[in-house]
Amino acid sequence: MNTERVLFDVPGPRGRRRIRIATIVSLVLIAVLVAAGLRQFAENGQLAWSRWQAYTTWPLIRFLLQGLLGTLEAAAAAVVLAMAGGLILALGRVSSRRLFRWPAHAYVELLRTIPALLLVYVMLFALPKYGLDF
């Protein structure tokens with residue numbers, strides 16, 4: 001099976017020309033929007049060195065690096081926990097025993113139906129009202 005045709009047919013000459021034109025138009029439009037934004041920032045003094053000089057001081061750089069380190073630690077912990085939980089759920093779903101298969105299947109199907117943003121809102125706003133503050 002030809003893997004180039006799995007998602008869509010290979011475009012012909014007219015299709016490639018349309019894609020090329022759309023790409024060029026999109027890049028020009030993005031460049032114009034970026035230039036307009038930078039011009040607006042410059043006219044209002046947002047690009048002045050005095051506004052950005054504070055970001056070159058060591059205390060702020062150290063603060064930002066500590067935040068980056070905390071973010072990387074949280075991401076690593078999330079990866080480890082997600083891999084462990086995913087492995088347990090995967091093994092539960094392929095288990096031949098109903099005692100393991102049904103709860104794993106129900107949990108996966110329930111969480112698939114709940115939007116992630118709703119879970120974030122519950123963690124941020126609803127749970128602290130009941131004394132659970134993560």
Side-chain angles (χ1 to χ4, degrees):
M1 184 170 149
N2 189 355
T3 58
E4 293 177 1
R5 294 183 164 198
V6 171
L7 297 177
F8 61 91
D9 290 335
V10 177
R14 286 177 35 194
R16 285 194 301 268
R17 184 173 47 245
R18 275 192 236 132
I19 292 170
R20 194 175 308 118
I21 290 170
T23 301
I24 291 169
V25 168
S26 299
L27 290 175
V28 168
L29 182 63
I30 290 170
V32 167
L33 288 173
V34 168
L38 287 173
R39 181 173 177 252
Q40 190 67 28
F41 282 141
E43 285 179 1
N44 292 316
Q46 297 296 318
L47 298 179
W49 175 248
S50 61
R51 291 200 179 258
W52 294 92
Q53 189 174 6
Y55 293 102
T56 63
T57 61
W58 177 244
L60 186 61
I61 291 173
R62 184 178 52 211
F63 177 74
L64 292 174
L65 287 174
Q66 287 173 348
L68 176 64
L69 180 64
T71 301
L72 292 175
E73 288 172 352
V79 166
V80 169
L81 291 173
M83 293 292 283
L87 180 64
I88 290 169
L89 286 171
L91 291 174
R93 285 195 66 169
V94 297
S95 174
S96 60
R97 298 184 183 201
R98 285 186 181 173
L99 177 66
F100 300 124
R101 188 176 61 238
W102 284 64
H105 181 75
Y107 180 79
V108 168
E109 292 302 319
L110 175 72
L111 284 185
R112 284 179 60 189
T113 61
I114 300 172
L117 186 59
L118 180 62
L119 292 176
V120 170
Y121 284 152
V122 167
M123 294 287 286
L124 287 176
F125 302 121
L127 292 181
K129 289 182 180 179
Y130 299 105
L132 296 171
D133 191 10
F134 297 104

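We number each residue from 1, following the sequence as shown. In this text the structure is predicted, and so the values were computed from the model without any measurement.
- Under a hydrophobic clustering in which Ile, Leu, Val, Met, Phe, Trp and Tyr are joined whenever their side-chain heavy atoms come within less than 4.5 Å, directly or via other members, Ile19 and Val28 fall into different clusters.
- In terms of modelled atom types and a separation under 3.5 Å, the side chain of Trp102 and the main chain of Arg97 share no donor-acceptor contact.
- Ala54 and Leu60 get closest at one heavy-atom pair: O-CD2, 3.4 Å.
- Put simply, CZ on Arg101 and CZ on Arg93 are 10.5 Å apart, with the number rounded to the nearest 0.5 Å.
- Under the 4.5 Å side-chain heavy-atom criterion for Ile, Leu, Val, Met, Phe, Trp and Tyr, Leu110 and Leu119 are members of the same hydrophobic cluster.
- Here CD of Glu73 is found 10.0 Å from CG of Leu68. Values are rounded to the nearest 0.5 Å.
- In this structure, Leu89 is a member of the same hydrophobic cluster as Ile114, with clusters built from ILVMFWY side-chain heavy atoms closer than 4.5 Å.
- Ser95 places no side-chain N or O within 3.5 Å of a backbone atom of Leu91 that could act as its donor or acceptor partner.
- One finds the OH atom of Tyr55 at 12.0 Å from the CD1 atom of Ile61 (value rounded to the nearest 0.5 Å).
- Residues Leu127 and Val120 do not share a hydrophobic cluster, clusters being chains of Ile/Leu/Val/Met/Phe/Trp/Tyr side chains in contact below 4.5 Å.
- The CZ atom of Arg39 sits 4.5 Å away from the CD atom of Glu43 when rounded to the nearest 0.5 Å.
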### Task
Starting from the C-alpha separation in whole Å, work towards a yes-or-no answer on side chain to side chain contact (heavy atoms under 4.5 Å, CB included) for Met83 and Leu87.
CA-CA 6 Å; Met83 293 292 283; Leu87 180 64; over 6 Å; no
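- Between Leu38 atom CG and Gln46 atom CD the span is 12.0 Å, to the nearest 0.5 Å.
- Across Arg16 and Pro11, no two heavy atoms sit closer than the pair NH1-O, 3.0 Å.
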### Task
Let me see the working for Ile21 and Arg17 under side chain to side chain contact (heavy atoms under 4.5 Å, CB included), right down to the final yes or no.
CA-CA 6 Å; Ile21 290 170; Arg17 184 173 47 245; 4.0 Å; yes
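- Residues Ala104 and Gly92 share a closest heavy-atom pair of CB-C, 3.8 Å.
- In the hydrophobic clustering of this structure, Phe63 groups with Trp52; members are Ile, Leu, Val, Met, Phe, Trp, Tyr whose side-chain heavy atoms approach within less than 4.5 Å, directly or through other members.
- Here the shortest heavy-atom pairing between Pro103 and Arg98 reads CD-O, 3.7 Å.
- Summarising the geometry of Val122 relative to Pro128, their closest heavy-atom pair is O-CD, 4.3 Å, with the distance given to 0.1 Å.
- For the atom pair CG (Leu65) and OG1 (Thr71), the distance works out to 11.0 Å, reported to the nearest 0.5 Å.
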